[in-house]
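Here the structure is a predicted model, which means the values were calculated and not measured.
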Amino acid sequence: VTRVAFVGRRGEHATSALSAPAGGLDPAWIEYRGDGPALLSALAGLRPDVVVVFAPASVPAGLLAEVDALTLGFDAEPLPRTDEARVRPAALWELMQLSRADAGQFDRLVTTDPLAAAAARGAGVDVWRSLPLPVDDPWYAPVRRGSRPLRAAFLGPSTPHRERWLIPVKHQFDVLHVAHGLWGERLRDRLDRIDVALNLHGEPYASFEDRLLLHLASGHLVVSEPLAPRHGLEPGVDLLEVENPRRLVLALERLAAHPAVWDGVRRRGRRKAEAFRASRVWPRLLADLRDDVAAFGRARRSR
Amino acid sequence: MAALPVCLLATSDPAAAELARRLPDATLAARAAEVEGRAFDVAVAWDWRATLELFAVEARRHAYRVDGFAHHRMGEWDAERIPAALSYDLPVDFLATGRWVADALAELRPASRVLLVPDGVDPPPAAAVAPAAGGPVRVLVDDRWLPDGAPSVARDAVGRATAPLAADWLGRADDTATEAAALAQADVLLRLDPVDGVLGSPLRAMRAGVVPVVLASGGQAELVEHDVTGIVADVEDPAGTARRLDALAADPEALARLRAAARERAAAWPDREAAAAAWTAALAELTATEPPRDAAWPDRLMGDALAAAAAWHTQHQHLTAAVHEALAAAEAARRTARGRLLTRLRGGSGQ
C-alpha cells in the first residue's frame with residue numbers, strides 16, 4: 001500500500017484528490033493555506049510515500065526539499081501557451097511563481113494544459129505530464145434528466161468576460177450563478193439541484209476549466225464556450241459547445257422547450273467522465289511516477 | 001444448434017465476409033435487392049449505412065451490429081452525422097462487439113435487447129519476435145482513425161522521445177495483411193484514439209505480442225490494464241507519451257513483461273470460430289423470443305433528430321459567419337487598395 005498525502009485547499013482541490021483507498025493507494029488530505037511549518041509537521045505525522053501538491057506555486061521554494069517522499073506538483077493555473085500570439089500577464093506571473101516554487105522540491109510536475117506545458121519547458125520548468133484534474137469518486141452521480149423548468153447553473157467567480165455571456169442568459173432564464181467558493185456538502189447540494197451546467201472561461205481565451213469534469217461526473221449536460229485543450233471531449237458528443245452568448249441563449253431556449261433534447265450527450269458525457277475518475281487516474285499516475293523516478297532518477301528535480 | 005437463415009447486410013468489410021463463411025446458413029448481401037423474395041430469420045445491418053436497407057429485407061428479426069458509435073467520429077459540420085446518430089434509435093435488436101458498446105447501448109435503449117458478439121481474431125503468430133539486444137524499441141503508429149490533415153499526437157510523441165526508436169507508420173490504405181506484417185516487426189503499437197478502436201488494431205497487436213499504447217477510451221477497460229497488458233496514456237499529452245516510450249526503451253525487462261502479458265490477455269479473446277459460435281447463439285436467442293414490446297417504439301428518435309439538427313445548424317451558422325467575415329475583410333482590403341490608388345492618381349502619396 002502506498003500512502004499518499006494530497007496537499008491543497010479543500011475548497012479548490014478536494015474534489016480532485018482521492019478520498020478513499022483505491023488501487024493500492026491509501027490517501028490522506030492535508031489542508032494547506034500557506035503555513036509551511038504546519039505542512040511539514042502534518043507530513044511528518046503522516047509519513048507518506050508520495051506527496052501530491054495542488055497549486056505547487058503556493059509552496060515556498062525548498063520547503064519540501066527534505067521531505068522523505070516522492071513529491072508531485074499538480075498545477076492547474078493558467079500558464080502561457082504555445083498557441084497564443086500575446087502572453088497574458090497573469091499567465092506569465094503564474095509561470096514565474098511556478099518556476100520559483102519548483103526549485104528542487106518536486107520530483108515531477110504535472111500541468112493540466114499540454115500547450116502550457118510546452119511553453120513552460122521553454123521557460124525552464126520541466127513538465128512531466130499533462131492531464132486534467134481528476135474527479136474524486138463520491139462526486140460521480142447518475143445522469144440527471146432534463147427538467148422543466150430549466151435548472152441551469154454557472155459555478156465560478158464573476159469576471160467581465162463571464163458577465164458578457166451570462167447577462168443575456170440571466171435576462172431570459174432563472175440561471176443560478178454561484179460566484180463564491182462552494183465545497184463539501186454545500187457543493188454537492190448545489191450540484192444535485194441542477195441538470196445543466198454552463199462552462200465559461202474567466203478571460204476571453206480558450207481554456208479547460210477544472211469544474212467541467214466535475215459537472216460531467218455529476219451527470220449534468222455541459223454547455224461550454226469552445227475548449228482548448230479538449231482532453232478528448234468531443235463537442236456535440238460529450239458536451240455542447242457554443243461560440244457566443246447568443247448561441248448560449250439559443251441552446252438554453254431549446255432545452256427549456258425540450259428538456260430531453262441532448263439526452264444522448266448527457267449520457268455520453270457522463271460515460272466519458274469515467275476516464276477521469278480519481279480511483280482510475282491516481283493509481284496509474286502515481287505508479288508511473290514511481291517507475292519514472294526509478295528509471296530516470298530524482299536528479300531532474302533540481303533545475 | 002439448428003442453422004438459422006441469416007442475412008448480413010454489409011458493403012465491403014472483409015470481417016463480414018469472414019463471419020458469413022463461418023455461420024451455417026448466412027447470406028452476405030450489399031443491397032436488399034440482392035435477397036429480394038427470400039425470407040430470413042434474422043437480418044443484420046453490419047454498420048450504420050447498412051441500416052438504410054435493413055427493413056427492406058424480409059426477416060422475423062432485424063438486428064444491428066455495433067462496434068462503435070459512428071457519429072462520434074464525425075465533425076459537427078458533417079451532415080452525415082445526423083443519420084449516423086439516428087441509426088442507434090431504430091427499433092432493432094443490437095449485437096455489440098464489445099462490453100463498452102453493449103453497456104452504452106443498454107443505457108441509451110433500455111427497452112431493447114443488446115447481446116454481446118465479440119469480433120474474432122486470427123490465431124497468434126507462432127512466437128513473438130524478441131527485440132534485438134540493445135536495439136531500438138520498434139514503435140508502430142496507427143493513425144488510420146485520424147481525420148485527414150489533423151495533427152498526430154502519436155507522431156509528435158515519437159518525435160519527442162529521447163531514446164532511439166525505430167518507428168513505422170500504418171497508412172490509411174494498409175489492409176490487415178500489411179498490418180500483420182508490420183506488427184511482426186514491432187514491439188509497441190501506438191494508437192491514441194480518444195473515441196474507440198482499442199478492440200481493433202491494439203487487440204491484434206496484443207495477439208502478436210506487441211504492447212499497445214492506448215487512451216482510456218472505448219474498449220480499453222476490458223482489454224488493456226495499465227502497466228500490465230499495455231500502457232494507458234493521457235489524451236493530447238505527447239510529452240508524457242514520449243516519456244513512457246523512453247521508459248520502455250530504458251527497461252527491456254519491463255518491455256518483455258508487457259509483451260508477454262499482452263499476448264496472454266489477447267489469447268483469451270475469442271478467435272474467429274468462437275466468435276462465430278457466439279453469433280450463432282445470439283441469433284438463436286433473438287429468434288427464440290419476441291422482442292420486448294417497448295423496443296418497437298423509437299422513443300428517442302425525434303429528440304435525437306432535433307439535437308443533431310441543432311448542432312449542425314449551429315455549425316452552419318458558424319461557417320456562414322466566418323464566410324461573411326472573410327468576405328467583409330476582402331472587401332475592406334479592396335476598398336483600401338482602391339483608395340490608395342485614387343489618392344496616388346490625384347497626386348497624393350497614398351502612404
Side-chain angles (χ1 to χ4, degrees), chain A residues 23 108 110-111 113-115 117-118 121 126-132 143 146 228-238 240-244 246-247 250-251 254 257-265 267-268 270-272 274-277 280-281 283-285 287-288 291-292 294-296, chain B residues 69 71-77 81 85 88-89 100 103-104 107-108 153 156 160 192-195 215-218 220-221 226-227 231-241 243-244 246-251 254 299-300 302-308 310-315 317-318 321:
Chain A
R108 300 291 185 266
V110 173
T111 66
D113 187 342
L115 296 169
R121 282 189 196 96
D126 194 6
V127 175
W128 174 55
R129 300 274 277 269
S130 297
L131 65 154
V143 173
R230 285 196 169 124
H231 288 299
L233 299 179
E234 302 152 80
V237 174
D238 304 310
L240 298 183
E241 275 190 3
V242 286
E243 280 89 6
N244 58 47
R246 174 66 191 144
R247 296 214 174 96
L250 289 174
R254 201 170 290 271
H258 307 284
V261 76
W262 292 308
D263 178 71
V265 176
R267 293 181 185 283
R268 168 73 182 181
R270 172 63 183 76
R271 282 189 169 272
K272 202 62 169 277
E274 285 295 326
F276 306 101
R277 189 182 271 274
R280 290 183 74 177
V281 174
R284 174 168 66 86
L285 187 67
D288 284 357
D291 292 349
D292 200 73
F296 301 109
Chain B
F69 295 89
H71 61 299
H72 292 175
R73 294 203 166 280
M74 299 175 180
E76 281 190 295
W77 40 263
R81 185 176 184 164
Y88 306 101
D89 294 335
W100 74 277
D103 290 346
E107 186 183 3
L108 285 174
V153 175
D156 194 359
R160 287 172 189 245
L192 303 179
D193 181 343
V195 178
L215 301 178
S217 58
Q220 173 264 315
H226 179 63
D227 209 24
I231 301 294
V232 180
D234 292 303
V235 185
E236 297 177 34
D237 182 22
T241 305
R243 183 72 164 205
R244 287 301 317 206
D246 284 341
L248 286 175
D251 191 349
D299 53 353
R300 296 183 57 91
M302 289 311 295
D304 284 348
L306 194 65
W312 189 82
H313 183 63
T314 299
Q315 285 305 306
Q317 283 182 324
H318 184 56

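Cation-pi geometry between R243(B) and F296(A) is met: under 6.0 angstrom from the ring centre, within 45 degrees of the axis.
Between chain B and the residues V237(A), N244(A), V143(A), the most heavy-atom pairs under 4.5 angstrom are made by V237(A). Ranked by non-hydrogen atom pairs under 4.5 Å with chain B, the options P235(A), A294(A), A275(A) are led by P235(A). Interface summary for chain B: among E274(A), R254(A), R268(A), the most heavy-atom pairs under 4.5 angstrom belong to R268(A). Taking chain B as the reference chain and counting heavy-atom pairs below 4.5 Å, the highest number among E241(A), E234(A), E243(A) is found for E243(A). Ranking A295(A), G236(A), P132(A) against chain B, the residue ahead of the rest is G236(A), based on heavy-atom pairs under 4.5 Å.
With respect to E107(B) and R270(A), no salt bridge is recorded, no charged nitrogen being found less than 4.0 Å from a carboxylate O.
Heavy-atom distances place both the backbone and the side chain of R284(A) under 4.5 Å from chain B.
Counting only heavy atoms from C-beta outward, the side chains of V235(B) and R230(A) never approach each other to under 4.5 Å.
Here the side chain of R280(A) pairs no donor or acceptor atom with the backbone of A216(B) at under 3.5 angstrom.
Heavy atoms only, all atoms of each residue included: G232(A) and P194(B) are closest at CA-CB, 4.2 Å. The shortest non-hydrogen separation linking E236(B) to P229(A) is OE1-CB, 3.2 Å. Heavy atoms only, all atoms of each residue included: D304(B) and G264(A) are closest at OD1-N, 4.4 Å.
For the atom pair D237(B) CG and T111(A) OG1, the distance stands at 8.0 Å (nearest 0.5 Å).
Among residues two or more places apart in sequence or in another chain, the side-chain hydrogen bond (donor to acceptor under 3.5 Å, both in side chains) test is passed with D263(A) by R267(A), R300(B).
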